[in-house]
Trainee: 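Sending over a structure as structure tokens; questions will come in a sec.
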Protein chains: 2
Amino acid sequence: MTLPTSMNALILKEDGFGNTRTGSAIETLEPYLDYGILPVPKPGPGEVLIRVRMASVNPSDLYFIKGEYGQPRVKGAAAGFEGVGDVIDGNGLFARYLKGKRVAFAGAVNGSGAWAEYVVVQAATCVPVKKAMRDEDAAGHVVNPVTAWTMFDIVKQSKSKSFVFTAAFSQLGKLMAGLARDNGYAMIAIIRKQSQEAHLRELGAKHVLVQSDPDFDTKLAALMKSEKPRVLLDAVANQVSADIFSAMPARARWVVYGKLDTEAPALNEPGQLIFMNKKIEGFWLVNWFKRASMLEKLMTIRAVQNRFISGAWSTEVVATVKLEDAMRELPEALKLGDGKVMIKP
Amino acid sequence: MTLPTSMNALILKEDGFGNTRTGSAIETLEPYLDYGILPVPKPGPGEVLIRVRMASVNPSDLYFIKGEYGQPRVKGAAAGFEGVGDVIDGNGLFARYLKGKRVAFAGAVNGSGAWAEYVVVQAATCVPVKKAMRDEDAAGHVVNPVTAWTMFDIVKQSKSKSFVFTAAFSQLGKLMAGLARDNGYAMIAIIRKQSQEAHLRELGAKHVLVQSDPDFDTKLAALMKSEKPRVLLDAVANQVSADIFSAMPARARWVVYGKLDTEAPALNEPGQLIFMNKKIEGFWLVNWFKRASMLEKLMTIRAVQNRFISGAWSTEVVATVKLEDAMRELPEALKLGDGKVMIKP
């Protein structure tokens with residue numbers, strides 16, 4: 001097979017960070033992306049070239065293309081953090097081992113991205129995918145499922161059999177609900193819409209609180225007493241989150257991993273940091289990948305894949321959009337509901 | 001010597017917590033304390049009876065008697081957390097070893113307090129005081145100096161040779177300035193009054209920033225770049241503190257150990273928790289005492305005593321008030337300036 005020299009891709013139009021703080025909502029991709037042609041990237045030492053089968057669309061991708069994520073954009077580079085594909089070339093021992101294999105990946109090397117026909121990533125960050133796993137599950141099985149798995153470790157370390165989870169109807173929230181139930185933990189899921197409650201309970205959340213419920217505070221206070229959760233996993237970071245944290249018992253940790261709301265939360269009870277030994281911190285999967293040992297990563301990935309293969313987890317895909325149609329169809333697909341949207345070259 | 005059965009003490013008038021949040025400022029003691037007579041407390045197992053030589057007045061004492069500290073008050077008990085005195089009785093092996101010795105102490109057992117003629121404390125929390133140490137230095141050498149020493153360990157662990165300290169003209173701030181200079185660390189001291197700058201530099205602070213300085217933000221930003229501090233030691237917990245934390249580089253820790261301001265700080269940059277790996281936490285000496293090994297405590301106390309004996313640290317006493325005059329004179333003495341006030345039975 002001869003490799004083409006150019007390929008189609010969704011290409012970033014801007015450099016660095018944007019001035020907006022509008023979150024993951026997207027009406028149109030025009031200000032941020034072009035559908036165009038790029039040279040097929042070349043793998044450097046320790047890197048592999050992958051022909052993309054399917055790429056996932058995560059909230060972090062949408063933040064990123066708008067310049068609202070924690071990493072600067074590179075104008076002219078392909079977008080897209082995560083996907084699944086076949087390794088067709090590579091440099092180095094592990095890269096050669098991967099050649100011909102189907103792998104999942106997250107985080108491409110500079111100038112490369114998953115929303116393209118080809119992508120270059122570090123061989124060390126590739127995860128060989130078991131045969132029995134669907135492309136749909138593999139394409140999104142690093143960012144969200146590994147995040148869920150590692151966050152659940154934070155919950156286990158807290159030595160409480162309960163935890164609080166905001167924006168719980170997200171992909172991540174749904175994955176956490178299953179993990180919680182299957183391990184005997186009580187997830188206290190915070191959601192916005194009453195209509196989301198039944199499905200989340202079905203997936204495994206023991207308690208579901210709707211923010212707009214007039215008895216929200218009372219119900220929350222009762223759960224804090226009965227379940228004594230010590231971890232708040234939070235993608236919102238607004239005043240509701242801060243107030244939940246204040247209501248939590250001693251030694252509670254507020255773990256922020258996203259900022260879905262633009263409101264700045266006020267800390268009304270800083271004395272709790274001192275006398276109740278509470279802590280506020282962040283979680284970013286990139287840091288976990290930097291810190292965790294290779295064994296820890298392999299075991300985590302294996303556990304994640306087995307959950308998908310056994311059916312304990314399943315990726316709810318609401319739409320698969322062709323790369324060439326993404327400029328037009330992606331914004332609409334993202335409005336279809338709370339499932340996942342995929343891009344297929 | 002026959003022990004009297006009753007003694008004079010400053011006695012708490014209220015139980016539990018107060019409704020105010022006015023901080024350590026005190027106009028009058030009448031609402032909180034009575035000067036009266038209590039039975040001389042009896043030491044239980046593992047406890048010692050101490051004849052108090054001198055007790056110190058810390059901000060935490062003032063918060064406590066107003067019901068604004070993290071521990072509930074006990075009506076009818078003597079106030080006062082810290083002091084120095086002679087062990088005259090005790091139960092248990094270590095208690096008998098301490099008999100006749102001059103000891104420093106912090107934290108009395110229930111119903112007992114340092115603002116009295118006699119106090120009962122756990123033998124394990126007593127610190128024998130070296131002969132060469134003055135009562136003035138010994139009476140206040142647990143809470144503030146041990147706090148300074150253990151906080152300095154937090155700075156050392158941060159792997160930056162610099163740190164930020166708010167309300168830096170406090171006793172604690174002055175102690176930290178000396179520790180910083182003597183160990184080659186750059187303390188960035190935040191103060192309110194220009195007049196405090198010279199003395200703080202003399203004591204060892206490398207950089208002093210006055211909050212009201214119109215160039216405060218610019219100067220702070222420049223120091224963040226040149227010194228790269230990773231720890232903010234903060235007794236104020238207001239918006240200024242939150243903004244300093246936002247200006248700090250990656251991996252910064254905001255360590256709150258007091259709440260001098262009633263303003264609730266807003267977190268304007270929660271994304272920094274995620275992408276810059278910043279953390280917010282509290283520090284309470286009580287937790288250090290619970291967590292640290294006996295060896296760690298002994299070494300810390302020895303190091304602290306040696307700094308006082310060598311003159312590297314010295315307690316600046318502005319007034320010594322007699323126990324019987326404290327109701328009238330203490331509020332006035334506390335206004336004398338930034339030095340320490342002592343109570344003498």
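Values below: all heavy atoms of this structure, side chains included; hydrogens, waters and symmetry mates excluded. Every chain is numbered from 1 and lettered A, B, ... according to where its sequence line falls, protein lines coming before strand lines.
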Trainee: Highest number of heavy-atom pairs under 4.5 Å with chain B: which of A:Gln71, A:Met276, A:Gln239, A:Glu281?
Mentor: A:Glu281
Trainee: What part of B:Glu263 gets within 4.5 angstrom of chain A, counting heavy atoms only: side chain, backbone, both, or neither?
Mentor: neither
Trainee: Shorter than 4.5 Å, heavy atoms on both sides: which option in A:Leu273, A:Asn268, A:Ile274, A:Leu267 has the most such pairs with chain B?
Mentor: A:Ile274
Trainee: Check whether A:Asn287 gets within reach of chain B through its side chain, its backbone, both or neither, counting any heavy atom under 4.5 Å.
Mentor: side chain
Trainee: Is chain B contacted by the side chain of A:Gln272, its backbone, both, or neither, given a heavy-atom distance below 4.5 Å?
Mentor: neither
Trainee: Please determine, among B:Asn277, B:Ile280, B:Thr262, the option with the most heavy-atom pairs under 4.5 Å with chain A.
Mentor: B:Ile280
Trainee: Give every donor-acceptor pair under 3.5 Å between a side-chain atom in residues 145-155 of chain A and any protein atom, sequence neighbours left out.
Mentor:
{"residue": "A:Thr147", "atom": "OG1", "partner": "A:Val143", "partner atom": "O", "Å": "2.3"}
{"residue": "A:Thr150", "atom": "OG1", "partner": "A:Val146", "partner atom": "O", "Å": "2.8"}
{"residue": "A:Thr150", "atom": "OG1", "partner": "A:Thr147", "partner atom": "O", "Å": "3.0"}

Trainee: Looking at chain B, which one of A:Ala237, A:Ala242, A:Ala266 has the largest number of heavy-atom pairs inside 4.5 Å, strictly under?
Mentor: A:Ala266
Trainee: As an exercise: rank A:Pro270, A:Pro265, A:Gly258 by heavy-atom pairs under 4.5 Å with chain B and give me the winner.
Mentor: A:Pro265
